[in-house]
Amino acid sequence: MNTFRNPVIPGCYADPSVCRVGEDYYLVTSSFEYFPGVPIFHSKDLVNWRQLGHVLDRPSQLDLDGTPCSKGIYAATIRYHNGVFYMITTFVESATGARKNFYVTATDPAGPWSDPVWLHDAPGIDPSLFFDDDGKCYVTANRRPPDGQQYPKHMEIWLQELDVTDGRLIGPKFSLWDGALKFIHAQEGPHLYKVNGYYYLIIAEGGTGHTHSVTIARSTSITGPYESSKCNPILTHRHLGRTHPVTNIGHADIVETQDGEWWMFCLGSRPYGGYYRNLGRETFLVPFIWEDGWPVVNPGKGIVELEMPRPSLAEHRWPSQPACDHFDAERLAPQWNFIRTPRGEWMSLTERPGYLRLKLKPETMTDFVNPSFVGRRQQHIRFAARTVLEFVPQSAKETAGLVLLQNNDFQYRVEYARNGNKPVVRLVQRAEGADRTLAEHAAPAAEAAGKLYLKVEAIGQDYSFYYATQAEAWETLFEHADGTILSVDVAGGFSGTYIGMFASSNGEPSGNHADFDYFEYTALD
């Protein structure tokens, strides 16, 4: 049997949304506090994806200053109509701050995309667009019911027409949906479709954790009333228990192929070492069919599997991305991110060609700021990452090195620094907002050699750290560190672990910099 492996986009690529244009498929996901925002992917076969870049790649599009971890850009939706791509999403200011919905447009999915069109009186999160047969465009999103919440996290789905010429909502708001079952909470992530004369509303319900699910309703009128499927939820893994290899399945978008097959993209997680989800929420793919006017997901099984039969589309592989980035290009590759919107000239690929130069900033990896950091997602349960650093710390405040980041309060930092007059390499564990040095080794050879090699290897929740002053001559810094502090189940939030390079002067001004010759990430699965 010709099969594929889930997730089709591993690592914390949550809340997938997809659209088809001819024989091409485009997919976007959430990006939270990371910049650039909203990664966009391209596929010919639904299984193999290449990243084109990011939708929100300019500070004028995305101001993340002061945005807390796991806030920022929530679920995005991508749609295509009359030669124009639309991406609509929510900017979440803070835990209690405003939710601001906006959309951007482009004629080329690789960009450039427009500056945001902010929508007035568009409450809630997870907006989506639907273009009807008559050309009218509608927005759906969630909000608190006008008559009040009947139970905790009770939300409803609303709809309103959007004038895409003027960029404003027009006409009345309609209440479409407030739950498949009473007390199933957190109605969100709505997507609207029209199939065989029915309007179908797909909703994410049950929260984005273990009880996550996909429900559906339909109507012959776009404004309702909508009837619930008697088979709701049409997709969930909450009945499979916490030991199942795939959990918290939900938040779906669907697409019909040019061959007439129907496929559903959804988020899910792969816990390991217990119910710990270091990889965050990933993008999964599952087929479905229509029976009696309703979707039946993965007929005969009803769940998302790690290995599944491929779509009928011809396989289309893209050139593989090299495991090692030598920083030879003039721009960072699309897998790299900053934390929040970058301000100032603190990163360069051209000042020393072939190196990533990070200038030391007073900001640190523990502050709600834009630190001197460049990172990428952890995408595998077993992996190795390594880099080589050229850096001469001038004071005890100056540090640079390798970081594994869940959020500001949960991370591992391998720091090259100075303790008194001595150069040292140390491993700092940050958990629950407090730093703890797990190991510190004198590194006079690194100062003499002018460079320091750093490596982390993870086998499940067992993370081990190494350093060297000559290539492959590794010395143990610390082995068997507890990786569970990098999971959302310990640290909280929605995102997965990031791995990257950083440089900081820890609150003091500095003219120093750190040069990284390469960064290699290798799956060990």
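Computed over heavy atoms, backbone and side chain alike; hydrogens, waters and symmetry mates excluded. By convention here, the first residue in the shown sequence is residue 1.
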Among L356, V374, D515, the one residue meeting side-chain contact (heavy atoms from CB on, under 4.5 Å) with F327: L356
Backbone N/O of [Y] and side chain of [X]: donor-acceptor pair under 3.5 Å:
{"X": "D409", "Y": "E432", "answer": "no"}
{"X": "Q61", "Y": "W113", "answer": "yes"}
{"X": "H212", "Y": "G207", "answer": "yes"}
{"X": "Q379", "Y": "P10", "answer": "yes"}
{"X": "E508", "Y": "S505", "answer": "no"}
{"X": "S269", "Y": "P271", "answer": "no"}
{"X": "Q321", "Y": "A323", "answer": "no"}
{"X": "D253", "Y": "P16", "answer": "no"}
{"X": "S17", "Y": "I78", "answer": "yes"}
{"X": "T215", "Y": "P233", "answer": "no"}

Could you tell me how the ring of Y498 sits relative to the ring of Y34: parallel (under 30°), tilted (30 to 60°) or perpendicular (over 60°)? parallel
With rounding to the nearest 0.5 Å, note down the distance linking [atom1] in [X] to [atom2] in [Y].
{"X": "H244", "Y": "I303", "atom1": "NE2", "atom2": "CD1", "value": "4.0 Å"}
{"X": "L306", "Y": "R5", "atom1": "CG", "atom2": "CZ", "value": "5.0 Å"}
{"X": "Q406", "Y": "L486", "atom1": "CD", "atom2": "CG", "value": "6.5 Å"}
{"X": "Y466", "Y": "E457", "atom1": "OH", "atom2": "CD", "value": "5.5 Å"}
{"X": "S464", "Y": "H480", "atom1": "OG", "atom2": "NE2", "value": "5.5 Å"}
{"X": "N6", "Y": "C266", "atom1": "CG", "atom2": "SG", "value": "7.5 Å"}

Sub-4.5 Å side-chain heavy-atom contact between [X] and [Y]:
{"X": "F32", "Y": "L64", "answer": "no"}
{"X": "P109", "Y": "H42", "answer": "no"}
{"X": "V425", "Y": "V414", "answer": "yes"}

Test side-chain hydrogen bond (donor to acceptor under 3.5 Å, both in side chains) applied to H513 and K359, E351, R357, R352, the passing residue: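 With H513 as partner, side-chain hydrogen bond (donor to acceptor under 3.5 Å, both in side chains) holds for just one option, R357.
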Partner of E93 under side-chain hydrogen bond (donor to acceptor under 3.5 Å, both in side chains), chosen from R99, K71, K100: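 So, applying the side-chain hydrogen bond (donor to acceptor under 3.5 Å, both in side chains) to E93 and each of R99, K71, K100, only K100 qualifies.
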Checking V388 against K451 for the side chain to side chain contact (heavy atoms under 4.5 Å, CB included) test, could you report, in this order, the C-alpha distance in whole Å, the side-chain angles of both residues, the deciding distance, and whether it holds? CA-CA 7 Å; V388 60; K451 63 177 60 178; 4.1 Å; yes
Do you know which two heavy atoms are closest between [X] and [Y], and how far apart they sit?
{"X": "I254", "Y": "V18", "value": "O-CG1, 4.0 Å"}
{"X": "T387", "Y": "F519", "value": "CB-CD1, 3.9 Å"}
{"X": "W49", "Y": "W318", "value": "C-CD1, 3.7 Å"}
{"X": "A76", "Y": "V38", "value": "CB-CG1, 4.1 Å"}
{"X": "E188", "Y": "I203", "value": "O-CG2, 3.2 Å"}
{"X": "F35", "Y": "L56", "value": "CE1-O, 4.2 Å"}

For the residue pair [X] and [Y], is the inter-centroid distance of their aromatic rings smaller than 6.0 Å?
{"X": "F91", "Y": "F102", "answer": "no"}
{"X": "W336", "Y": "F516", "answer": "no"}
{"X": "W346", "Y": "F338", "answer": "yes"}

Derivation and outcome, side chain to side chain contact (heavy atoms under 4.5 Å, CB included), residues D482 and Y412: CA-CA 10 Å; D482 177 16; Y412 283 105; 4.1 Å; yes
How about [X] and [Y]: does a side-chain donor come under 3.5 Å of a side-chain acceptor?
{"X": "D15", "Y": "T29", "answer": "no"}
{"X": "R238", "Y": "H210", "answer": "no"}
{"X": "Q470", "Y": "Y453", "answer": "no"}
{"X": "E307", "Y": "T3", "answer": "yes"}
{"X": "N278", "Y": "Q461", "answer": "yes"}
{"X": "N337", "Y": "R377", "answer": "yes"}
{"X": "N419", "Y": "R426", "answer": "no"}

Between [X] and [Y] (salt bridge meaning N to carboxylate O under 4.0 Å), is one present in this structure?
{"X": "R343", "Y": "D65", "result": "yes"}
{"X": "E472", "Y": "R386", "result": "yes"}
{"X": "R340", "Y": "E363", "result": "no"}
{"X": "R317", "Y": "D45", "result": "no"}

Does K44, at its NZ atom, have more than 12 non-hydrogen atoms belonging to other residues, nucleotides or ligands within less than 6.0 Å? yes
Counting heavy atoms not belonging to Y276, are there more than 12 under 6.0 Å from its OH?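 Atom OH in Y276 is not crowded, with 12 or fewer foreign heavy atoms closer than 6.0 Å.
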Determine all donor-acceptor pairs shorter than 3.5 Å in which one atom belongs to a side chain in residues 441-449; sequence neighbours excluded.
unit_1 : atom_1 : unit_2 : atom_2 : d
H441   : ND1    : Y467   : OH     : 3.2
E447   : OE2    : R418   : NH2    : 2.9

Relative to Y521, does R376 satisfy both conditions: NZ or CZ under 6.0 angstrom from the six-membered ring centre, and within 45 degrees of the ring's axis?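 R376 over Y521 ring: yes.
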Step by step, would you call T247 with H237 a side chain to side chain contact (heavy atoms under 4.5 Å, CB included)? CA-CA 6 Å; T247 64; H237 279 202; 5.5 Å; no
Test side-chain contact (heavy atoms from CB on, under 4.5 Å) applied to A329 - qualifying residues, sequence neighbours left out: none
